[in-house]
Amino acid sequence: MNKEIDMNFIEDLKWRGALNQVTDEAGLLEAMQSGQIGAYVGTDPTADSLHLGHLIPFMVLKRFQNAGGKAVIIVGGATGSIGDPRPTTERQLLSQEQLLINEKGITTQVTKLFGDDNTTIVNNNDWLGKLTLTDFLRDYGKLFSINVMLKKDVVASRLESGISFTEFTYQILQAIDFHELWRRENVQLQIGGSDQWGNITSGVDLIHSLEGSDANAYGLTIPLMTDATGKKFGKSEGNAIWLNPEKTSPYTFYQFWLNQSDEDVVKYLKYFTFLAPDEIDTLAQTVKTDPGAREAQRRLAQEVTRFVHGQAAVEEAEALSKALFNGDVAELSAAQIADAFGGVPSFDTAAEVKNVVDFLVAGGVEKSKRQAREDVMNGAITVNGDKMTDVTADIDPSTHYDGQFVLVRRGKKKYFLGKVK
RNA sequence: GGGAGUGUAGCGAAGUCUGGCUAAACGCGACGGACUGUAACUCCGUUCCUUCGGGUUCGUAGGUUCGAAUCCUACCGCUCCCA
């Protein structure tokens, strides 16, 4: 492992604003210099795909990997079946079937992000699933003080509103995970969001209890990511941005980043790209000198989309963006539509003349006729490039694109593609 | 086990004592429009469904009443206190 690069890992994180707390900064750097060590990030399969919130710790893990470390990812089949306590309310347990589906989806995505080299993906069900209750109580339970567990922020915040024994125990399971990886994969560092601090330190303490207080085990947390308006990062129109292209198209993903505000864009460039500091500084200058060009946003969108979906997806998203925002969509050919519009939400529609309002509702563009009428009357609906303002007007799918498609726009930039059947 | 609270639209929160003027204040969010840089800010409109006649809502089920989110009964969920 290169000594110079090691020295930069923490410094780089600080510069990028990606460091909240470290248990022992000097100790960690020393461990990294003395040979290859592993770091891990745990993810519970709470959904069938990762979303942008998950990307936050993974970016740091990726930097660790780039710095020469080994990346270890736990897809938490066991912990996922228990549920990491939220500060407010008890979680709903997931069914075993759902957990399996989720594990599979997440494992696929993680593999894509981290590649095969210096990456290990494990499921904690492999060890936690085998642990019997008596072993658990004898081997681990004795090492945890209820008094300490109660003081963890998440637990403390739940004492008023209530917390089940199941969720209360979660921190022990996560601690066992850390120890297990410490033992079998030489994982000495656990990375997580700032809300994971309590769980991470539980793990560090457990390793120290079992392996001696001089055992190398460190924790690192990342600040809570919020946008300039103080809102939690990673939502668009109230929906999560997923990494699964089936759930959030690469085009929508690209647009999410392209639309970041001037206030946030540099922060995200530092955080979500692997661009060098001087390059980011240059982009930061362009935000000041020529904000309208949105050079920084464009670069951010390209970099992150490439990291998650690949170069081809970037090109597709850019081609589509160009067609939608810079061209006259009515002039496009059916072939161009078929080619470029794979990324917008689509729906099937019959080859028959239909009232606009009914058409919009049937296609899922609008959720109710009331809403559809309102939007039509406000001039918010454009069909094949023509603005519709008359609620009694009809849509004839045969007029454009060889009768194969109907292109609907709602508002300024939301497009829907009707595929004529 | 005993006692006290609480459950209102996506969320938060009024309204409940003093039943009708309440499809239900207000805030947030969301959606649309103007402005613009496919921005931010600001401003404006909308935000249960509808064949625009009306229909169905205030944890659930009943009841009282000409009329109930508002009163009564039972049940369910959540919280707190006592044991």
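By convention in this document, chain letters (A, B, ...) are assigned in the order of the sequence lines, proteins followed by strands, and residues within each chain are numbered from 1. FYI, side chains are in, hydrogens and waters are out, and symmetry mates aren't considered; it's all heavy atoms of this structure.
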request  = Using a 4.5 Å cut-off on heavy atoms from C-beta on, say whether the side chain of A/Val420 contacts that of A/Tyr401.
outcome  = no
request  = Determine the Euclidean distance between corresponding P atoms of B/rU70 and B/rU60; express it in Å to zero decimal places.
outcome  = 11 Å
request  = May I ask you to evaluate whether A/Lys413 reaches the phosphate of B/rA39, defined as a side-chain N or O under 4.0 Å from OP1 or OP2?
outcome  = yes
task = Evaluate whether atom CG of A/Asp390 has more than 12 neighbouring non-hydrogen atoms of other residues, nucleotides or ligands under 6.0 angstrom away.
result = yes
Interatomic distance, A/Glu374 CD vs B/rU47 P [rounded to whole Å] = 7 Å
query = Which residues, if any, of residues 279-295 of chain A bring a heavy atom under 4.0 Å of RNA chain B?
reply = A/Pro291, A/Gly292, A/Arg294
key: Separation of the C1' atoms in B/rG29 and B/rU36, to the nearest angstrom   = 23 Å
ask   = Hey, does the side chain of A/Gln371 reach the backbone of A/Ser368 with a donor-acceptor pair shorter than 3.5 angstrom?
value = no
query = From B/rU38, B/rG37, B/rG32, pick the nucleotide closest to the side chain of A/Lys414?
reply = B/rG32
Paired nucleotide for B/rU16 [Watson-Crick or G-U wobble; both distances under 3.5 Å] = none
Nucleotide B/rU46, atom P - distance to CG of A/Asp375 in whole Å = 13 Å
request  = For B/rA40 versus B/rU47, give the span between their P atoms, rounded off to a whole number of Å.
outcome  = 24 Å
d(CD, A/Glu263; C1', B/rA40) in whole Å = 6 Å
task = For B/rU51, give its Watson-Crick or G-U wobble partner with both distances under 3.5 Å, or none.
result = none
key: Where at least one partner belongs to residues 55-82 of chain A, residue pairs that pass salt bridge (Lys or Arg N to Asp or Glu O under 4.0 Å), sequence neighbours excluded   = A/Lys70-A/Glu185
ask   = What residues, two or more places apart in sequence or in another chain, satisfy salt bridge (Lys or Arg N to Asp or Glu O under 4.0 Å) together with A/Lys151?
value = none
inquiry  = According to salt bridge (Lys or Arg N to Asp or Glu O under 4.0 Å), who are the partners of A/Lys354, at least two apart in sequence or on a separate chain?
reply    = none
query = Say you pick atom P in B/rG3 and the same atom in B/rU73; how far apart are they, in whole Å?
reply = 15 Å
ask   = Mind checking the C1' distance from B/rU42 to B/rG53? Whole angstroms is fine.
value = 41 Å
task = Check whether any side-chain N or O of A/Tyr415 sits under 3.5 Å from a backbone N or O of A/Leu407 as a donor-acceptor pair, and report yes or no.
result = no
query = Tell me: CD of A/Gln297 to C1' of B/rU38, nearest whole Å?
reply = 11 Å
query = Do you know which of A/Asp262, A/Thr286, A/Asn259 makes side chain to side chain donor-acceptor pair (under 3.5 Å) with A/Gln297?
reply = A/Asp262
ask   = How do A/Arg410 and A/Gln255 order along RNA chain B: which one's closest nucleotide is nearer the 5' end?
value = A/Arg410
key: Proximity of A/Phe307 and A/Phe272 rings by center, below 6.0 Å   = no
remark   = For B/rC28, the nucleotide meeting Watson-Crick or G-U wobble distances (both under 3.5 Å) is B/rG10
inquiry  = Assess the residue pair A/Gln109 and A/Ser49 against the criterion (side chain to side chain donor-acceptor pair (under 3.5 Å)); give the C-alpha distance rounded to whole Å, side-chain angles, the decisive distance to 0.1 Å, and a yes or no.
reply    = CA-CA 8 Å; A/Gln109 287 175 351; A/Ser49 169; 2.9 Å; yes
request  = Taking atom C1' in both B/rG59 and B/rC78, compute the distance separating them and give it to the nearest angstrom.
outcome  = 11 Å
query = Would you say the ring centroid of A/Phe347 lies under 6.0 angstrom from that of A/Phe359?
reply = yes
task = Just name whichever nucleotide pairs with B/rG67, Watson-Crick or G-U, keeping both distances under 3.5 Å, else none.
result = none
query = Who is the Watson-Crick or G-U wobble partner of B/rU42, with both distances under 3.5 Å?
reply = B/rA34
ask   = What is the base-pairing partner of B/rG5, counting Watson-Crick and G-U wobble geometry with both distances under 3.5 Å?
value = B/rC78
remark   = For A/Ala334 and A/Asp402 the tightest heavy-atom approach is CB-OD2, 3.5 Å
key: Interatomic distance, A/Tyr251 OH vs B/rU38 P [rounded to whole Å]   = 13 Å
task = Specify the residues of residues 378-396 of chain A, ordered by number, for which at least one heavy atom lies under 4.0 angstrom from an atom of RNA chain B.
result = A/Asn378, A/Ala380
ask   = NZ of A/Lys412 versus C1' of B/rG32: gap in Å, rounded?
value = 10 Å
message = Checking one value: the base orientation of B/rG53, syn if chi is within 90 degrees of 0, otherwise anti.
response = syn
ask   = Which value, in whole Å, describes the distance between the C1' atoms of nucleotides B/rC48 and B/rC44?
value = 24 Å
Of residues 364-373 of chain A, the positions that come close to RNA chain B - non-hydrogen atoms, cut-off under 4.0 Å = A/Lys367, A/Ser368, A/Lys369, A/Arg370, A/Gln371, A/Arg373
ask   = Expressed in angstrom and rounded to an integer, what is the separation of A/Asp358 atom CG from B/rU51 atom P?
value = 8 Å
request  = Could you tell me whether the side chain of A/Asp48 and the main chain of A/Ile101 form a donor-acceptor pair under 3.5 Å?
outcome  = no
request  = Report the distance from atom OH of A/Tyr254 to atom P of B/rU38, rounded to the nearest whole Å.
outcome  = 13 Å
